[in-house]
Amino acid sequence: MPRPSAPDDAPAYKGWTRPGPVPPGGVEVEPGETLDGLSGRWRIFQLQKGNRFSVDDLVTAWYGTTWCPSPGRIADLGSGIGSVALMAAWRCPGAVVHTVEAQEQSLRLALKSIRYNGQEGRIFPRLGDLRDPGLFAGEAPFDLVLGTPPYWPEGHRLPAAHPQSVPARLEVRGSIADYAQAAARLLAPGGLFACVFPNDQRGRALTALHEAGLLCLHRREIVFKEGEPYGLDVFAAARRQDLPEDFEARAQCPEVEAPILIRRADGSVDPAIARVRLAVGFPPGL
């Protein structure tokens with residue numbers, strides 16, 4: 001999913017016109033880094049051989065800002081290099097965004113991207129642990145909380161080759177349950193939590209939401225390739241205490257939306273994901 005910008009950063013890319021504002025730029029690429037296209041004309045700094053943004057980030061930002069389209073305040077948990085936060089900020093230009101990330105090298109890249117895109121006045125990253133009960137102490141609650149938790153407990157998969165990617169893959173600093181608990185603490189009344197998790201661990205994600213006092217309102221499957229079982233689920237949940245009694249049964253929650261296919265069997269891009277890509281300022285890829 002990550003794509004380099006056209007060499008001249010032209011306003012169009014393969015027939016697609018980049019939407020949105022032109023960033024001020026002025027931040028240099030250092031050795032071992034790349035500067036890649038993100039949303040519209042916004043760009044993001046990444047390590048060439050480290051953790052890079054992916055379809056997981058794209059669908060989380062898209063799903064959260066679709067079901068909570070006009071948040072005033074957004075929080076991104078385990079924000080990494082800032083891809084989800086930046087995409088959400090691009091989609092919701094009136095929102096203030098706060099992030100928390102435990103890795104200094106990822107936070108450094110996020111700060112560079114925020115400066116490059118001219119968003120220092122409304123995206124506020126911090127170094128910290130999302131499991132800290134005092135996280136964002138003194139801050140107002142959030143209308144939208146986003147999270148892309150790691151997928152596997154330590155020992156269940158091999159660690160990533162680059163140390164920056166290990167916490168994005170393995171639960172060394174929190175699980176889906178920790179993300180859900182943090183979201184429940186941080187949400188404003190009536191707020192929404194959106195996250196992503198593998199479709200073969202759907203039960204684990206739904207249990208984490210339930211145990212945190214969150215009700216899954218919407219769920220949508222993201223299928224990587226036609227005919228192959230493995231993919232992702234994106235979830236949108238709210239605090240049960242903010243909803244009427246028996247809402248889950250009466251509203252038939254969660255709503256299970258039609259799956260979104262990324263690649264057809266022949267490898268071509270499916271129109272469903274092309275429309276999602278457009279919504280977050282990506283070229284459709286068709």
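We count residues from 1, following the sequence as given. As the structure is a computational prediction, the values presented were derived from the model and not from experiment. Scope of the values below: all heavy atoms of this structure, side chains included, with no hydrogens, waters or symmetry mates.
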task = Test Thr148 against Cys195 for side chain to side chain contact (heavy atoms under 4.5 Å, CB included), laying out the working first.
result = CA-CA 6 Å; Thr148 51; Cys195 65; over 6 Å; no
request  = Looking only at non-hydrogen atoms, find the nearest pair between Leu214 and Ala237 and report the distance.
outcome  = CB-CB, 4.1 Å
task = State whether Arg108 and Glu30 are salt-bridged, where the test is any N-O pair (Lys NZ or Arg NE/NH1/NH2 against Asp/Glu carboxylate O) under 4.0 Å.
result = yes
key: Linked, directly or transitively: Phe124 and Leu111 (ILVMFWY side chains, under 4.5 Å)   = no
query = Would a 4.5 Å heavy-atom cut-off, applied to side chains only, mark Leu130 and Tyr179 as touching?
reply = yes
request  = State whether the side chain of Asn117 and the backbone N or O of Gln119 hold a donor-acceptor pair below 3.5 Å, judged by distance alone.
outcome  = no
ask   = Do Thr34 side-chain atoms and Gln48 backbone N/O form a donor-acceptor pair below 3.5 Å?
value = no
query = Quick one: CG on Leu286 to CG on Leu278, what's the gap to the nearest 0.5 Å?
reply = 8.0 Å
Salt bridge flag under 4.0 Å for residues Arg240 and Glu248 = yes
ask   = Does atom CD of Glu228 have more than 12 heavy-atom neighbours from other groups under 6.0 Å away?
value = yes
query = Out of curiosity, Ile222 CD1 to Asn199 CG, how far, rounded to the nearest 0.5 Å?
reply = 10.0 Å
key: Glu33/Lys112 salt bridge by N-O under 4.0 Å criterion   = yes
request  = Answer yes when Arg264 and Asp266 have at least one side-chain N-carboxylate O distance shorter than 4.0 Å, and no when they do not.
outcome  = no
task = Report whether Leu47 and Val29 are members of the same hydrophobic cluster (ILVMFWY, side-chain heavy atoms less than 4.5 Å apart, transitive linking).
result = yes
query = Would you say Leu192 and Asp143 make side-chain contact, with heavy atoms under 4.5 Å?
reply = no
ask   = Among side-chain atoms of Ser83 and Arg52, is any donor-acceptor pair under 3.5 angstrom?
value = no
Beyond-backbone contact of Asp56 with Leu232, side-chain heavy atoms, under 4.5 angstrom = yes
key: Under 3.5 Å: donor-acceptor pair, side chain of Asp178, backbone of Ser175   = yes
ask   = Measuring from Ile260:CD1 to Asp270:CG, what's the distance to the nearest 0.5 Å?
value = 9.5 Å
ask   = Do Ser113 and Leu86 touch side chain to side chain, with heavy atoms closer than 4.5 Å?
value = yes
ask   = Yes or no on side chain to side chain donor-acceptor pair (under 3.5 Å) for Arg18 and Tyr13, after CA distance, side-chain angles and deciding distance?
value = CA-CA 7 Å; Arg18 290 187 172 98; Tyr13 178 78; over 6 Å; no
request  = Give a yes or no on whether Gln241 atom CD has more than 12 heavy-atom contacts from other residues, nucleotides or ligands under 6.0 Å away.
outcome  = yes
query = Are Trp67 and Val145 linked, directly or through other ILVMFWY residues, by side chains that come within less than 4.5 angstrom of each other?
reply = yes
task = Answer with yes or no whether the hydrophobic clustering places Val27 together with Leu35; edges join I, L, V, M, F, W, Y residues whose side-chain heavy atoms lie under 4.5 Å apart.
result = yes
query = So, for Tyr151 and Phe197, is the gap between ring centers shorter than 6.0 Å?
reply = yes
remark   = From the list Arg220, Glu257, His218, side-chain hydrogen bond (donor to acceptor under 3.5 Å, both in side chains) partner of Tyr63 resolves to Glu257
task = Could you tell me the separation between the CH2 atom of Trp62 and the CE atom of Met87, rounded to the nearest 0.5 Å?
result = 13.0 Å
query = Just how far is it from atom CZ of Arg41 to atom CH2 of Trp90, taken to the nearest 0.5 Å?
reply = 11.5 Å
message = Assigning hydrophobic clusters by single linkage (Ile, Leu, Val, Met, Phe, Trp, Tyr; side-chain heavy-atom cutoff under 4.5 Å), is Phe282 placed with Leu261?
response = no
query = Do Leu215 and Leu209 touch side chain to side chain, with heavy atoms closer than 4.5 Å?
reply = no
ask   = Between Thr66 and Arg91, is a side chain to side chain donor-acceptor pair (under 3.5 Å) present by the stated rule, with each step listed?
value = CA-CA 9 Å; Thr66 294; Arg91 286 262 284 170; 2.9 Å; yes
task = Indicate yes or no: at least one non-hydrogen side-chain atom of Val100 is less than 4.5 angstrom from one of Ser79.
result = no
inquiry  = I want to check something: taking the side chain as every heavy atom from C-beta on, are Leu146 and Leu144 in contact at a cut-off of under 4.5 Å?
reply    = yes
inquiry  = Between Glu101 and Gly80 (side chain of the first, backbone of the second, donor and acceptor by atom type, cut-off under 3.5 Å), is there such a pair?
reply    = yes
request  = Mind checking the SG-CZ spacing from Cys253 to Phe247? Nearest 0.5 Å is all I need.
outcome  = 4.5 Å
query = Around atom CD of Gln252, are there more than 12 heavy atoms of other residues, nucleotides or ligands at under 6.0 Å?
reply = no
ask   = Counting only N and O atoms by type, is there a donor-acceptor contact under 3.5 Å from the side chain of Asp57 to the main-chain atoms of Ser54?
value = yes
ask   = Within the distance-only criterion (no hydrogens, no angle test), does the side chain of Arg122 pair as donor or acceptor with the backbone N or O of Ala89 below 3.5 angstrom?
value = yes
ask   = Do NZ/NE/NH1/NH2 and the carboxylate oxygens of Glu139 and Arg73 come within less than 4.0 Å?
value = yes
key: Whether His98 and Phe136 hold their rings parallel, tilted or perpendicular, with breakpoints at 30° and 60°   = perpendicular
ask   = Taking the side chain as C-beta and beyond, is there a heavy-atom pair between Pro24 and Tyr116 under 4.5 Å?
value = no
